[in-house]
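Below is one structure; the comments refer to it alone.
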Amino acid sequence: MLEHQDNMEILINLTSKFPTFLLTGIPGLQSVHAWISIPFCYLYAIALSGNGLILCIIITQQSLHKPMYYFLSILSVADLGLTVSTMSTTLPILWFDASEISLDTCIIQMFFLHGFTFMESGVLVAMAFDRYVAICDPLRYVTILTNSRIIQMGVLMIVRTVVLIVPLLLLLKHLSFCRANALSHSYCYHPDVIRLACSDTQANSICGLIDLILTTGIDTPCIVLSYILIIRSVLRIASPEEWHKVFSTCTSHMGAVCVFYIPMLSLSLLHHYGQSAPKLVHSMMSNIYLLLPPVLNPIIYSVKSKQICKSILNLLLTK
């Protein structure tokens, strides 16, 4: 009788709609997690202070109340959201080995993590459109990118994010989990979670694919098309000096695009084709994917944008 009861308890623990997942820190280096947390803390501090500073400067400096900087402020908000979403589980794992997370908490983290990722992708498209109008149709720049239109674009990014994310996460509530509950990352990542389900995940996979098509599948071609039109317009300019001047206004945005999409593509390829790769590689790539944009974007825009750089110096010198 006692043996039968123990078997029932094991079965209940193995098959559950409300499981507890185990997040993964740095595989194989658990004994030095405390030391590894030091560079992570520095990177999180850079991301939080850098994006917070840019956001503060754009809000307070009247000279920066322009479309390009409005989009940059939205990018900074998305980067701040990504940073807080990931550090909320990564640092407790490294400091206290607090790796357990419930399904509901996991879903909440995924909402913000994937949501801010979708928002960042949308902002990069809006910034590409901004550069296209500024270079290819400069006389109509002010009339095309009005404040009301920028607000509409921002609202559209938020609505798209919510409409795509909510059904994806609601479908998780109907899954049962009966496999080993160890996740591959230090945060909840949708493809990683559904991999552990023992019920049918076809609807989740289809919904995830639709979300991918309606975000990256649309945003990436739009950015590429914008730059094709920009290059075509610039090549009509006679002097190489003018070419350099025009392209220099795009370098910050191109840097942000590379920093966002290259790690995303690398992690996606690793998930699909690198199953035999060491767990350490998966862990490091997942952290790079979500840490790199928030850390590097403020640096890229501070270095490449003279107005941002000047505003930062003025703020620091006045104090």
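Atoms considered below: every heavy atom in the structure, side chains included; atoms not considered: hydrogens, waters and symmetry mates.
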Just by distance, do the side chain of Thr105 and the backbone of Ile101 share a donor-acceptor pair under 3.5 Å?
no

Are Leu169 and Ile210 linked, directly or through other ILVMFWY residues, by side chains that come within less than 4.5 angstrom of each other?
yes

Looking at Phe21 versus Phe177, is the centre-to-centre ring distance below 6.0 Å?
yes

Would you find a donor on one side and an acceptor on the other, under 3.5 Å apart, between the side chain of Ser252 and the backbone of Tyr301?
no

Are the side chain of Asn297 and the backbone N or O of Pro293 linked by a donor-acceptor pair below 3.5 Å?
yes

Drop me the distance from Leu64's CG to Ser73's OG, to the nearest 0.5 angstrom.
10.0 Å

Take His185 and Leu23 through the test side chain to side chain contact (heavy atoms under 4.5 Å, CB included) and record every step on the way to the result.
CA-CA 6 Å; His185 310 300; Leu23 299 169; over 6 Å; no

Any chance the side chains of Thr89 and Gln109 put a donor and an acceptor closer than 3.5 Å?
yes

pair Thr117-Tyr289: side-chain heavy atoms closer than 4.5 Å:
yes

dist Asn181:CG -> Glu100:CD (nearest 0.5 Å) comes out at 8.5 Å

Between the side chains of Gln61 and Tyr69, does any donor sit under 3.5 Å from an acceptor?
no

When rounded to the nearest 0.5 angstrom, what is the spacing between CD in Gln30 and OG1 in Thr24?
8.5 Å

What I want to find out is whether Arg160 reaches Asp211 closely enough, with some N-O distance under 4.0 Å, to be called a salt bridge.
no

Taking the six-membered ring for Trp, are His190 and Phe111 ring centroids under 6.0 Å apart?
no

Please check if the side chain of Asn287 supplies one atom and the backbone of Ser283 the other of a donor-acceptor pair under 3.5 Å.
yes

Distance-only, no hydrogens or angles: does the Thr90 side chain make a donor-acceptor pair with backbone N or O of Met87 under 3.5 Å?
no

For side chain to side chain contact (heavy atoms under 4.5 Å, CB included), just list the numbers for Lys173 and Ile107, CA-CA rounded to whole Å, side-chain angles, deciding distance to a tenth of an Å, and then say yes or no.
CA-CA 9 Å; Lys173 296 290 287 182; Ile107 287 173; 3.5 Å; yes

Applying side chain to side chain contact (heavy atoms under 4.5 Å, CB included) between Thr201 and each of Leu175, Ile206, Leu172, report the one that passes.
Leu175

Does the side chain of Phe40 reach to within under 4.5 Å of the side chain of Leu291, using non-hydrogen atoms?
yes

Could you grab the distance from atom SG of Cys207 to atom CD1 of Ile194, nearest 0.5 Å is fine?
10.0 Å

Should Thr161 and Phe116 count as side-chain neighbours, where that means a heavy-atom distance under 4.5 Å?
no

Separation between CG of Leu124 and CE of Met254, rounded to the nearest 0.5 Å
13.0 Å

Take Ile26 and Met284, measure what side chain to side chain contact (heavy atoms under 4.5 Å, CB included) needs, and give me the verdict at the end.
CA-CA 8 Å; Ile26 311 297; Met284 293 309 296; 4.2 Å; yes

Thr143 backbone acceptor or donor facing Thr146 side chain under 3.5 Å:
no

Can you tell me how far apart CG (Asp79) and CG (Leu48) are? Round to the nearest 0.5 Å.
10.5 Å

Is a donor on one side and an acceptor on the other found under 3.5 Å between the side chain of Tyr189 and the backbone of Met110?
no

Does Ser121 reach the main-chain N or O of Thr216 with its side chain, forming a donor-acceptor pair under 3.5 Å?
no

Beyond-backbone contact of Ser176 with Cys198, side-chain heavy atoms, under 4.5 angstrom
yes

His253 and ring-ring contact (aromatic ring centres under 6.0 Å, His included): which partner among Phe260, Phe71, Phe129, Tyr227?
Tyr227

Taking Ser88 for its side chain and Ser85 for its backbone only, find out whether a donor-acceptor pair lies under 3.5 Å.
yes

Checking Asn51 side chain against Leu80 main chain: does a donor-acceptor pair fall under 3.5 Å?
no

